[in-house]
Amino acid sequence: MSYLNKDISENSVNKANVQLLSVAQPLAFRVLKRVRVSCPHSVNGCLWEGDYGDLHSHLIDSGVHNTEGLQQQQQNNGGSSPKLSSSATPLSKESIAKTFKEQADDKFGAGSYKEAMELYAGALSAFPQPNLYNNRAAAALMIKDFASCLADCDAAISMDPKYAKAYLRKCKAALEIGKFSVCCLTIEEACKECPDNSELANQCYRYKEIYNQVQLGEKQLTEKDFSGARKTFGSLLRETNCSLIVLSAARAELGLGLTDRALRLTLQVLRTDRGCSEAYSVRGQVLYYVGDFDQATKLMREGLRMDPDDSRSREAFKKMRNVETKLKEARNLVFVRKFADALTKYNETFSVCCNDLPPKSQLNAMLHAERGNVLLRLNMFEECIRDCSIAIYAKDDLVEAWVTKARALQGLDKVEEAQDELTPLMHKWGHGEPKIRAAYESAVFLVKKKNRVDYYKLLNIPSVCSEMEIKKQYKVKALELHPDRWSSAEFTDEQRKEAENKFKDIGNALEVLCDPQRRQLFDEGYDREAIEERIQRAQRAAHHGHGHGHG
């Protein structure tokens, strides 16, 4: 096989592992551009000499290196070329093409794919060959010019129907632009033309499996089997970075409410293809589910501008705007404390988006937490707890939902349950989250208040009674509960112990309720232990203050 018929591989640049000199060493590249060189086609009669930086423009100048162009150069130089070697074959089209190919292969190996394509074009204009089309297709594939790659592969196949590498390269390009059926048809045609090629047979199975997996994934998305779709497209991403596959994977993540992963996938597409309208629309919907309506609106509008006929995106945009409007109205009603009207507006918001909102999405968590707060204000505690539980399931670090749920449990007098809910959160976030700390301290206070001895009830007096009434009733209860009355054999040890405890309690009640400061603290909900702590703290503060004043 002559050099002209050798194929180039996409892997050749990877094996070389080189960088463009203009990128790696800009100063050296500027110096190199000023080096004087002659044209590589000098062996074919080209007389050009100039700076290296102008060489590529000269090489791709149409009409310079064809037969007529070289003859004209020689005539202008007196009929012959002093650069011509004795062994050269001047004006040979194959020789001209070979020189172009050598230059193109060098550019390809250096990673200059656009320049390589231009030089392969020069070779093709001189002496068209299937492998030259295939090599130019390889360069086009490297710069993601998939349309040019497909066209060159078709040209190579039309010249040589048994050209296996052209079929394989066409399948690669078709896969990257989501033409999965084209992949299958192309590889089947290749297998018919080259039945003994084992690589084609293996690739035929692979592309058919990819096509079947794509069909399965799309069906799973349609049926809202997002977990299945996530698994399917996740395996396909190991085969290709095709935008359609990446965006389908993003839709699967979005359906599960996993917005972080969906954002990364859509960004991956936009970095390689800023003109992908679907990427803007999907990313906009992701941000909508995050609750960022402003950015979502901008992205979805851009997607619709690029593709006005996308009915799915247009419907999603319309629904998002409706949800945003109703949510703003609900929040305004909460601000002016019209909670009943706000509840109605939140319910309307849910009626618009409830069928499409992923359970684990941040927007779902936010909406349920906000409606839960409204339900708490309306003393609808059971409904509030249900909404907050949904919000916590969607986003387990949503502090507002935890606090609102605890307050609703307290509203139902389930103060121990509220404390149990907040205790692990206090250990986890309490030191850095003041709302959790405040809710936890409130829960502990209410539990102690619930479990303390009710001195008014114990003495059988109202909470507004005077000190004289308290002392009078104490005497009655003291006679009733005095240990001497319970010492006879007719009472069991358990009854005597209970009477003894109550006798101590009425003594504590007398001490607390007859002291104005202690009684005030008791009326505020403190138990006897907390009352004594606060009294002692106040006494220490007063003593400390007097000490400074005396000094």
Side-chain angles (χ1 to χ4, degrees), residues 141 144 146 150 168 170-188 190-191 199-273 276-290 299-300 303 307 310-313 315-316 319 353 355-364 393-394:
L141 188 63
K144 303 185 184 302
F146 301 117
L150 289 172
L168 292 173
K170 180 179 178 181
C171 286
K172 282 185 181 180
L175 179 63
E176 292 302 314
I177 57 177
K179 293 187 175 182
F180 308 110
S181 58
V182 172
C183 290
C184 293
L185 293 173
T186 300
I187 204 69
E188 286 174 357
C191 289
E199 183 181 5
L200 288 176
N202 292 334
Q203 291 299 316
C204 183
Y205 173 80
R206 173 175 172 258
Y207 284 117
K208 285 184 177 180
E209 184 64 20
I210 289 174
Y211 179 74
N212 291 334
Q213 287 294 301
V214 171
Q215 297 292 91
L216 173 62
E218 292 297 338
K219 181 182 178 184
Q220 289 168 329
L221 284 178
T222 302
E223 295 175 353
K224 297 189 176 181
D225 177 12
F226 298 114
S227 294
R230 185 190 188 206
K231 182 178 179 181
T232 300
F233 287 112
S235 64
L236 285 169
L237 286 175
R238 291 191 285 271
E239 297 286 343
T240 175
N241 287 322
C242 166
S243 295
L244 290 177
I245 299 296
V246 175
L247 290 175
S248 294
R251 289 188 185 278
E253 299 283 345
L254 186 58
L256 294 170
L258 305 177
T259 51
D260 289 345
R261 170 75 171 159
L263 282 172
R264 288 195 296 271
L265 289 170
T266 53
L267 182 60
Q268 176 183 328
V269 174
L270 288 172
R271 280 175 173 168
T272 57
D273 183 6
C276 182
S277 62
E278 187 179 1
Y280 286 100
S281 297
V282 175
R283 187 171 177 82
Q285 194 159 4
V286 176
L287 290 170
Y288 159 51
Y289 285 167
V290 170
L299 288 167
M300 296 182 80
D307 185 6
D310 186 349
S311 58
R312 180 169 61 177
S313 296
E315 184 63 28
K319 182 174 292 187
C353 63
N355 293 330
D356 300 319
L357 209 56
K360 297 285 287 183
S361 67
Q362 293 181 50
L363 180 61
N364 188 49
Y393 170 77

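Predicted model, so just to flag it, every value in this text is computed and none were measured.
- Rounded to the nearest 0.5 Å, atoms NZ (Lys170) and SG (Cys183) are 9.5 Å apart.
- In this structure Ala190 satisfies the side-chain contact (heavy atoms from CB on, under 4.5 Å) test together with Tyr167, Leu200, sequence neighbours excluded.
- Glu253 is not listed as a side-chain neighbour of Val286, based on a closest heavy-atom distance of 4.5 Å or more.
- Under the rule for a side-chain hydrogen bond (donor to acceptor under 3.5 Å, both in side chains), Ser361 has no partner lying at least two apart in sequence or in another chain.
- Side-chain contact between Tyr393 and Asn364 is absent, with no heavy-atom pair separated by less than 4.5 Å.
- With sequence neighbours excluded, no residue forms a salt bridge (Lys or Arg N to Asp or Glu O under 4.0 Å) with Glu199.
- Lys224 pairs by the salt bridge (Lys or Arg N to Asp or Glu O under 4.0 Å) definition with Asp356, not counting sequence neighbours.
- One finds the CZ atom of Arg251 at 8.0 Å from the CG atom of Leu254 (value rounded to the nearest 0.5 Å).
- Annotation: side chain of Leu221 is in contact with side chain of Phe233 (closest heavy-atom distance under 4.5 Å).
- Qualifying salt bridge (Lys or Arg N to Asp or Glu O under 4.0 Å) partners for Arg312, counting only residues two or more places apart in sequence or in other chains: Glu278.
- Taking Lys231 as the reference, nothing meets the salt bridge (Lys or Arg N to Asp or Glu O under 4.0 Å) condition, with sequence neighbours excluded.
- In plain terms, the two heavy atoms of Ala279 and Val269 that are nearest each other are CB-CG1, 3.8 Å.
- Although no hydrogens or angles enter the test, the distance criterion places a donor-acceptor pair under 3.5 Å between the side chain of Gln220 and the main chain of Ala229.
- Side-chain contact between Thr259 and Leu287 is absent, with no heavy atoms from C-beta onward closer than 4.5 Å.
- Scored by the side-chain hydrogen bond (donor to acceptor under 3.5 Å, both in side chains) test, Tyr289 finds Gln285 as partners (sequence neighbours excluded).
- Proximity of Leu175 to Arg206: side-chain heavy atoms (C-beta onward) are separated by under 4.5 Å at one or more points.
- Leu216 contributes atom CG, which lies 9.5 Å from atom CD of Glu209 (distance to the nearest 0.5 angstrom).
- Once rounded to the nearest 0.5 Å, the distance linking CG of Leu141 with CG of Leu150 reads 9.0 Å.
- Partners of Asp310 under the side-chain hydrogen bond (donor to acceptor under 3.5 Å, both in side chains) rule, at least two apart in sequence or in another chain, are Ser313.
- Ala250 and Ala262 get closest at one heavy-atom pair: O-CB, 3.7 Å.
- Legend: salt bridge (Lys or Arg N to Asp or Glu O under 4.0 Å) pairs involving residues 211-222, not counting sequence neighbours: none detected.
- When side chains are defined from C-beta on, Leu258 counts as touching Arg230, because their heavy atoms get closer than 4.5 Å.
- Partners of Tyr288 by ring pair (Phe, Tyr, Trp, His ring centres under 6.0 Å), not counting sequence neighbours, listed by chain and number: Phe293.
- Legend: side-chain hydrogen bond (donor to acceptor under 3.5 Å, both in side chains) pairs involving residues 262-273, not counting sequence neighbours, sorted by first then second residue: Thr266-Arg283.
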So Ile245 and Ile210, side chain to side chain contact (heavy atoms under 4.5 Å, CB included) or not? Walk me through it.
-> CA-CA 11 Å; Ile245 299 296; Ile210 289 174; 5.9 Å; no
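- Taking CG of Leu236 as the reference point, atom OG of Ser248 lies at 9.0 Å (rounded to 0.5 Å).
- A 4.5 Å side-chain heavy-atom check between Phe226 and Pro358 finds every atom pair outside the cut-off.
- Contact check for Cys171 versus Gln203: no side-chain heavy atoms found under the 4.5 Å cut-off.
- Remark: Thr240 pairs with Glu176 by the side-chain hydrogen bond (donor to acceptor under 3.5 Å, both in side chains) rule, at least two apart or across chains.
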